[in-house]
Amino acid sequence: MLEKLKQEVYDANMRLPELDLVTFTWGNVSGIDRDKGLFVIKPSGVEYGNLKPEDMVVVDLDGKVVEGNMNPSSDTPTHTVLYNEFPDIGGIVHTHSPWAVSFASANMDVPAASTTHADTFYGDVPVSDPLTKQEIEDAYEENTGKVIVKTFNERHIDYNAVPAVLVSQHGPFSWGATPDKAVYNAKVLEVSAEISYHALQLTRDNIRVPQYLLDKHYYRKHGKNAYYGQNNAKSKDHAAHAEN
Ligand SMILES: O=C(CO)[C@@H](O)[C@@H](O)COP(=O)(O)O
């Protein structure tokens, strides 16, 4: 079942090593068929070079495997939470891309410090709170998904306008309307994190772009109706940092 989606998710997974976003077996991509309420995800622990479209595992929105000869990614519970809580998304990517992981390890947002960032993310890419010992021991991957959702709810960030997060001391999760768009957002995040890392070495000044430049670039690419006004708190949050 879902052969076309399996091919699409396989292709998106193979973009991760091509874009230098993964090492060894780290990371994974999934994609969902919203009509069927099923998603397809990379099998766990498989080297990208050995991966085949038919290896993809089909999972329902309760996180149960409905088809596949291999174990689904260990991050499947995280993907499951996000597909349930973020109903607009069609694909999810998780990597250990080192520049984004550097900010996750420092418990720092990736600031909206360049037009490269602003084209894709309408504000800082947030870092989650660290998971508690209990959360890790109880249901690590599920609670990873829950802490992502909590981050966006508590900071009033629109997950469509900022389609990525840094899980504290772990790494980035990105998403989008399709698996390929989720991979694109993962790469933009990694490039933006590298840019911001170097900017922060060069100055102690606030490196965030002013609100008008953020608006110019984000709306130019996504259209004025894409976001603004749905959740002004986010723009206020950014404006609180940026010089207007
Ligand atoms: O983050 C981690 C492990 O820390 C996983 O995403 C990564 O190793 C990939 O695991 P899977 O092979 O998808 O089970």
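Whatever order the structure lists them in is the order used to number ligands and atoms, beginning at 1.
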List the closest protein heavy-atom neighbour of atom 3 (C) of ligand 1: residue, atom name, distance to the nearest 0.1 Å.
H96 CE1, 3.9 Å
Please lay out, stage by stage, how R155 and D124 fare under the test salt bridge (charged side-chain N to carboxylate O under 4.0 Å, His left out).
CA-CA 11 Å; R155 289 182 57 178; D124 296 3; 5.0 Å; no
Ring centroids only, cut at 6.0 angstrom: are Y122 and Y219 within range, meaning strictly under it?
yes
Is there a path from W26 to L19 through hydrophobic residues (I, L, V, M, F, W, Y) whose side chains come within less than 4.5 Å of each other?
no
Using a strict 4.0 Å cut-off to heavy atoms of T25, name the atoms of ligand 1 that fall inside it.
9 (C), 12 (O)
Under 3.5 Å, side chain of N28 to main-chain N/O of S73, donor-acceptor pair present?
no
Looking only at protein heavy atoms, identify the closest one to atom 9 (C) of ligand 1 and say how far it is in Å.
G27 N, 3.5 Å
Below 3.5 Å, N or O to N or O, backbone or side chain included: is there any such pair between S73 and ligand 1?
yes
If we only count N/O pairs under 3.5 Å, is S74 in contact with ligand 1?
yes
Do G45 and ligand 1 have an N or O pair less than 3.5 Å apart?
yes
Starting from atom 5 (C) of ligand 1, which protein heavy atom do you reach first, and at what distance in Å?
D75 OD2, 3.2 Å
Check for a donor-acceptor pair, side chain of D62 on one end and backbone N or O of K64 on the other, with a separation under 3.5 Å.
no
Pick out which of K42, H170, H79 makes a side chain to side chain donor-acceptor pair (under 3.5 Å) with H94.
H170
Give the atoms of ligand 1, by number and element, whose distance to some non-hydrogen atom of H170 is under 4.0 Å.
1 (O), 2 (C), 4 (O)
The atoms of ligand 1 lying under 4.0 Å from a heavy atom of H94, numbered in the order shown, are 1 (O), 6 (O)
Presence of salt bridge, K187 and E190, under 4.0 angstrom:
no
